[in-house]
There are 2 protein chains.
Amino acid sequence: MPVELTPSQALGLWHAVSLEQVRVDGRDLTLRQMAILLQIYLVPPPHTVRGLAMTLGVTKPVITRALDTMGALGLVDRVRDERDRRNVIIKRTVEGALYLEKFGDLIINQGRNLSL
Amino acid sequence: MPVELTPSQALGLWHAVSLEQVRVDGRDLTLRQMAILLQIYLVPPPHTVRGLAMTLGVTKPVITRALDTMGALGLVDRVRDERDRRNVIIKRTVEGALYLEKFGDLIINQGRNLSL
DNA sequence: GCCGATCGTTACGCAAGCGTTTCTTTTATA
DNA sequence: TATAAAAGAAACGCTTGCGTAACGATCGGC
């Protein structure tokens, strides 16, 4: 089920959502952090630091730091993998799910309000 | 012409675009910078520092710094307003227009590839 | 012409992200 | 069992963005 957008709609949607997100959310996640968060919540687990780093095309410390930040915000959680204790499994949280649910609503509403 | 999206489509679109943008673009504009850039290019001029600050709901130094950064990247330009020399008029650039055109294409393509 | 108001910038100390490198723990292999 | 490899975190110096406060330049009203 593809989404067909005109150039005006595409940029207009991004514009409206970015604007509203800046105005409303004090947290101000970076694009990388947002990409990581969405990857964790939209792609089936398990998620590891190394896996996320490869998917995003960034180094591992970037993922570690992003998880530190978003963990402090309660958006994600980390648990040792007991089957291979070198790994860390990144877990979703209720707060993170709520955050993305609200963000999804924001996108939907701004898309609905587009009048270009 | 509204855009109707399901929650999966909304978050899936944001996910795909963010991911691709992280992988491809080394510039890594913040959400605020992106919102400012889109405001400049999608809303009829003139744009001033104060106006952008009010629209975004942020302080003026935030705008000044964002314009510094994006100006260094060639994405925007600044010109003194000769009618009221206190003002600075923010100008669009060819490079900025190309940047957003490519970004719009990215959104359109990722939307088209959505298969949720 | 003066003086308060407005506009954008700059300065300051601080927090957060970056890339690279090093370290610790754990696992796999010879 | 000794050793190499792998995963994630921590350390390092650096860059960039932040909020607040102060600043110089310019305008408008008296």
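The shown structure was predicted, so the numbers you read here are calculated from the model rather than taken from an experiment. Values below: every heavy atom of this structure, side chains too, minus hydrogens, waters and symmetry copies. Within every chain, numbering begins at 1; the chains are lettered A, B, ... in the order of the sequence lines, protein sequences first and strands thereafter.
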Side chain of B:K60 only, heavy atoms from C-beta on: which candidate in C:dC18, C:dC7, D:dG19 is closest? C:dC7

What residues 67-80 of chain A contributes to the DNA chain D interface at heavy-atom separation below 4.0 Å is A:R78

Report the distance from atom CD of A:Q33 to atom P of D:dT16, rounded to the nearest whole Å. 18 Å

Is the shortest side-chain N to carboxylate O distance from B:R78 to B:D68 below 4.0 Å? yes

Taking 4.0 Å as the cut-off, does a side-chain nitrogen or oxygen of B:T64 come that near to OP1 or OP2 on C:dT9? yes

If two hydrophobic side chains count as joined below 4.5 Å and joins carry through other members, does B:I40 share a cluster with B:V88? no

Does a side-chain N or O from B:R32 land closer than 4.0 Å to OP1 or OP2 of D:dT16, or not? no

Measure CD/A:E82 against P/D:dG8 and give the value in whole Å, please. 14 Å

Could you pull out all residues at least two apart from A:N113 that satisfy side chain to side chain contact (heavy atoms under 4.5 Å, CB included)? none

Closest to side chain of A:T59, choosing from C:dT20, D:dT20, D:dC18: C:dT20

Ignoring hydrogens, what is the shortest heavy-atom contact between B:P44 and B:R92? Give both atom names and the distance. CA-NH2, 4.2 Å

Going by modelled atom types, is there a donor-acceptor pair between the base of C:dG8 and the side chain of B:R85 at under 3.5 Å? no

I need the CD1-P distance between B:I36 and D:dG17, as an integer number of Å. 11 Å

Can you measure B:N87 atom CG to D:dG24 atom C1' for me and round it to whole angstrom units? 16 Å

Consider salt bridge (charged side-chain N to carboxylate O under 4.0 Å, His left out). Of A:R85, A:R80, A:R86, which one does A:E82 pass it with? A:R85

Calculate the interatomic distance between B:I63 atom CD1 and D:dG17 atom C1'; express it in whole Å. 13 Å

Does B:R50 put a side-chain nitrogen or oxygen below 4.0 Å from OP1 or OP2 of C:dT9? no

What's the CG-P distance between A:L29 and D:dG17, to the nearest Å? 17 Å

Between the side chain of B:E20 and the main-chain N/O of B:V17, is any donor-acceptor distance below 3.5 Å? no

Would you tell me whether B:H47 and B:Q39 have side-chain atoms, one donor and one acceptor, within less than 3.5 Å of each other? no

Given D:dC27, C:dT27, D:dG8, identify the nucleotide with an atom nearest to the side chain of A:D84. C:dT27

Would you kindly compare B:V49 and A:R65 by the position of their nearest DNA chain C nucleotide and give the one closer to the 5′ end? B:V49

Rounded interatomic separation in angstrom, taking CZ from B:R86 and P from C:dC7: 6 Å

Find the distance B:L31:CG to D:dG17:P and express it as a whole number of Å. 14 Å

